[in-house]
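Worksheet for the structure shown next.
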Amino acid sequence: MTLHIPPHRPATPGAQAFLDSGAKKLLIANEWTDAAGGGTFATHDPASGALLCEIAEGTPADADAAVSAARAALSDPAWRDMKPSARGRLLWAIADLIEAHADELAELETLDQGKSWATSRFAEIPASAEQFRYYAGFANKILGQTIPTSIGYHPPGKKVFAYTTREPVGVVAAITPWNSPLLMAAMKLAPALCAGCTVVLKPAEETSLTALRLGELLIEAGLPAGVVNIVTGFGAAVGAHLTAHRDVDKVAFTGSTEVGRMIVGAAQGNLKKLTLELGGKSPAIVMPDADFALALPGVARGIFANSGQVCVAGSRAYVHRSIHDAFVDGLVKEAAKLRLGHGLDRETDLGPLVSAAQAERVAAFIDEGKADGAGVATGGERVGDAGAFYTPTVVTGARPDMRMMREEIFGPVITVTPFDEPEEALAYANDTDYGLAASVWTENLSAAHRLAAGIRSGTVWINCHSYFSPELPKGGHKESGWGYENSAQGLENYLETKTVCAVI
Ligand code: ADP
């Protein structure tokens with residue numbers, strides 16, 4: 001299969017102007033500044049390989065400046081004393097601006113990351129706005145408690161009066177991955193701002209553009225200086241420095257389990273609060289009575305959407321033996337329907353992976369599995385001149401000990417394994433160090449909920465996969481992470497509790 005993708009230009013004047021406006025800078029205290037030392041790095045369109053623009057290569061000194069700005073903003077009356085309803089209005093205004101610029105943001109996201117226009121424009125950019133809307137409503141509903149105590153040793157005639165207040169946790173380092181760049185940033189910024197925190201955002205080096213455009217929109221919305229700072233650059237330099245920084249109070253991280261472990265180590269100096277949303281190897285259990293009309297496209301979307309570069313991607317299907325072969329045939333047909341191409345072409349279903357390096361990594365898993373006896377029912381091909389496309393791939397006969405069954409591939413690759421009894425399916429599903437998500441496909445209500453109860457993961461979907469909303473807590477069990485995003489629980493991660501106990 002050959003695939004020639006010429007360079008694409010955005011259609012909105014805003015996106016083109018953004019790309020043409022020279023090397024992108026860091027945002028520190030609402031000023032756009034060059035990196036200390038003036039270094040830049042290039043960002044490319046993974047579909048065509050074309051250069052998009054240069055980006056400031058932040059250094060530890062820049063991270064220090066951003067942390068100082070965030071620390072100062074915490075006690076700046078413009079932010080500290082902003083009324084909760086005004087904070088809510090500000091979050092709502094950010095959502096409005098994201099929506100008003102949705103076409104432009106979607107084009108930048110697709111050019112930078114590769115994902116299809118439909119995914120950017122109709123899923124992730126609106127979902128980013130929704131994060132700000134959801135937490136806008138929370139800003140004036142953050143409550144403490146008055147607590148009747150049983151303390152009896154107060155002086156006679158006096159009594160104990162105790163209450164709690166909620167305070168922002170402080171300076172947050174938000175470190176985001178490249179798979180859904182704007183959405184991952186929004187999922188951290190919205191609850192952080194709602195709580196009154198200040199933030200240093202470090203977007204993934206592969207995909208910094210929408211975070212930087214969002215920075216412009218934050219200023220336009222009226223966010224006081226220093227409340228959100230953006231330091232672009234590499235994980236080992238900027239990310240590692242922020243996670244070890246003694247003046248950072250909390251790290252909110254989404255990315256690989258490997259880097260998550262490094263952050264746990266780096267954060268120990270001042271015992272930072274951590275929320276970690278890490279890798280996954282999510283199973284999809286297909287029972288013999290599953291509704292094929294629902295399950296086939298559902299399981300296919302669960303793995304192939306965003307070319308499998310989704311932390312909750314349903315990468316391991318366990319299918320009842322009685323329907324295994326028919327299900328594999330069906331998945332092969334679903335894969336064949338997907339048109340590969342440049343994400344900006346409206347008929348494209350699957351764009352490239354984020355980079356040629358990522359496609360190479362995916363190919364290595366498949367080549368190794370094939371050499372070890374796994375079968376490829378469809379796909380398994382790297383295509384495109386720039387080397388970043390990988391065809392949707394269905395693998396059969398993979399063994400549980402193979403690397404492709406144990407490690408997160410982050411590509412459009414699903415393994416299909418037969419099972420006979422539900423207990424066996426559960427044991428397979430739980431045979432992983434990860435515990436992020438799972439789906440169960442059946443028309444049997446009892447079976448569905450029994451399986452949901454038995455699966456060790458943060459989310460279980462029944463007859464659907466990758467259904468998200470800010471109302472639904474999202475987090476990992478086992479080695480898939482610490483803490484939750486979204487919902488009231490997501491806000492908790494950005495708040496401290498202070499107990500005030502008085503004798504009056
Ligand atoms: P992915 O598998 O999505 O590339 P990574 O975990 O490698 O995930 O990267 C996610 C984010 O973590 C990126 O912004 C990256 O720059 C950052 N990062 C990488 N290494 C480190 C590190 N040692 N410390 C802190 N952040 C890092």
Side-chain angles (χ1 to χ4, degrees), residues 26 35 41 43 46 55-60 62-64 66-67 109 112-115 124 172-189 199-212 214 229-245 248 250-270 272 274-281 306-313 315 352-362 364-365 388 407-411 413 434 436 476 479-482 485:
L26 314 174
F41 64 100
T43 194
I55 296 178
E57 185 179 341
T59 64
D62 298 310
D64 287 344
V67 171
E109 198 77 302
D112 204 13
Q113 203 279 343
K115 64 181 71 233
E124 295 189 7
V172 175
I175 300 180
T176 52
W178 46 255
N179 61 337
S180 298
L182 188 69
L183 180 56
M184 294 296 130
M187 284 174 74
K188 291 164 179 55
L189 289 174
V199 181
V200 179
L201 171 64
K202 208 300 278 174
E205 48 270 42
E206 295 86 350
T207 55
S208 307
L209 295 184
T210 47
L212 292 166
L214 178 66
N229 308 275
I230 306 175
V231 183
T232 47
F234 292 89
V238 179
H241 191 71
L242 286 171
T243 57
H245 202 296
V248 169
K250 173 192 163 70
V251 175
F253 171 75
T254 300
S256 60
T257 294
E258 183 193 352
V259 173
R261 278 189 229 284
M262 289 185 205
I263 291 176
V264 170
Q268 65 182 314
N270 65 339
K272 288 178 185 64
L274 298 179
T275 35
L276 305 172
E277 216 268 51
L278 307 177
K281 194 71 190 164
N306 207 21
S307 298
Q309 301 164 116
V310 179
C311 52
V312 298
S315 52
L353 303 192
V354 71
S355 62
Q358 180 61 11
E360 196 174 315
R361 198 180 152 267
V362 172
F365 276 104
E407 294 181 26
E408 186 173 45
I409 298 177
F410 239 54
V413 177
Y434 293 115
L436 197 55
E479 292 179 28
S480 287
W482 289 351
E485 296 195 291

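Position 1 is the first residue of the sequence; numbering continues from there. Indexing begins at 1, ligand by ligand and atom by atom, following the structure's order.
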Is the shortest N/O to N/O distance between [X] and ligand 1 below 3.5 Å?
X: Thr243; result: no
X: Thr254; result: no
X: Trp178; result: yes

#### Entry: Closer than 4.0 Å: a protein non-hydrogen atom to atom 24 (N) of ligand 1
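Neighbour list for atom 24 (N) of ligand 1 includes protein heavy atoms (cut-off 4.0 Å).
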
### Sole candidate of Leu201, Val199, Thr254, Val172 that passes side chain to side chain contact (heavy atoms under 4.5 Å, CB included) when paired with Lys188
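Among the candidates, only Thr254 passes.
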
### Task
Check Ile55, Thr43, Thr176 against Ser208 for a side chain to side chain contact (heavy atoms under 4.5 Å, CB included) and give me the one that passes.
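Filter result, single survivor: Ile55.
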
For ligand 1, which atoms sit closer than 4.0 Å to a heavy atom of [X]?
X: Ala204; result: 13 (C), 14 (O)
X: Ala240; result: 24 (N), 25 (C)
X: Lys202; result: 13 (C), 14 (O), 15 (C), 16 (O)
X: Gly255; result: 6 (O), 8 (O)
X: Thr176; result: 11 (C), 13 (C), 14 (O)
X: Met262; result: 23 (N)

### Among Ala266, Gly239, Pro177, Gly260, closest by any non-hydrogen atom to atom 26 (N) of ligand 1
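Heavy atom nearest to atom 26 (N) of ligand 1 belongs to Gly239.
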
### Message
Going by the closest heavy atom to atom 18 (N) of ligand 1, which one wins out of Gly235, Ala267, Gly265?
### Response
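Among Gly235, Ala267, Gly265, the closest heavy atom to atom 18 (N) of ligand 1 belongs to Gly235.
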
Among all the protein's non-hydrogen atoms, which is closest to [atom], and how far away is it?
atom: atom 15 (C) of ligand 1; value: Glu205 OE1, 3.6 Å
atom: atom 21 (C) of ligand 1; value: Val259 CG1, 3.5 Å
atom: atom 12 (O) of ligand 1; value: Phe253 CE1, 3.2 Å
atom: atom 5 (P) of ligand 1; value: Ser256 OG, 3.7 Å
atom: atom 17 (C) of ligand 1; value: Ile175 CG2, 3.7 Å

Mind checking the [atom1]-[atom2] spacing from [X] to [Y]? Nearest 0.5 Å is all I need.
X: Glu124; Y: Asn179; atom1: CD; atom2: CG; answer: 7.5 Å
X: Ile230; Y: Leu26; atom1: CD1; atom2: CG; answer: 9.5 Å
X: Glu407; Y: Glu258; atom1: CD; atom2: CD; answer: 9.5 Å
X: Ile263; Y: Thr275; atom1: CD1; atom2: OG1; answer: 10.0 Å
X: Asp64; Y: His245; atom1: CG; atom2: NE2; answer: 4.0 Å

#### Entry: Val238, portion touching ligand 1 at heavy-atom distance under 4.0 Å
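Neither; nothing of Val238 gets under 4.0 Å from ligand 1.
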
### Query
Does Phe410 approach ligand 1 within less than 4.0 angstrom via side chain, backbone, both or neither, non-hydrogen atoms only?
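Answer for Phe410: neither.
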
[X] side chain near [Y] side chain, heavy-atom distance below 4.5 Å:
X: Glu485; Y: Met187; answer: yes
X: Glu109; Y: Leu209; answer: no
X: Phe410; Y: Trp178; answer: yes

#### Entry: side-chain contact (heavy atoms from CB on, under 4.5 Å) evaluation trace for Leu436 with Cys311
CA-CA 8 Å; Leu436 197 55; Cys311 52; 3.6 Å; yes

### Query
Counting distance only, does the side-chain N/O of Thr232 pair as donor-acceptor with the main-chain N or O of Ala56 below 3.5 Å?
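Between the backbone of Ala56 and the side chain of Thr232 there is a qualifying donor-acceptor contact (under 3.5 Å).
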
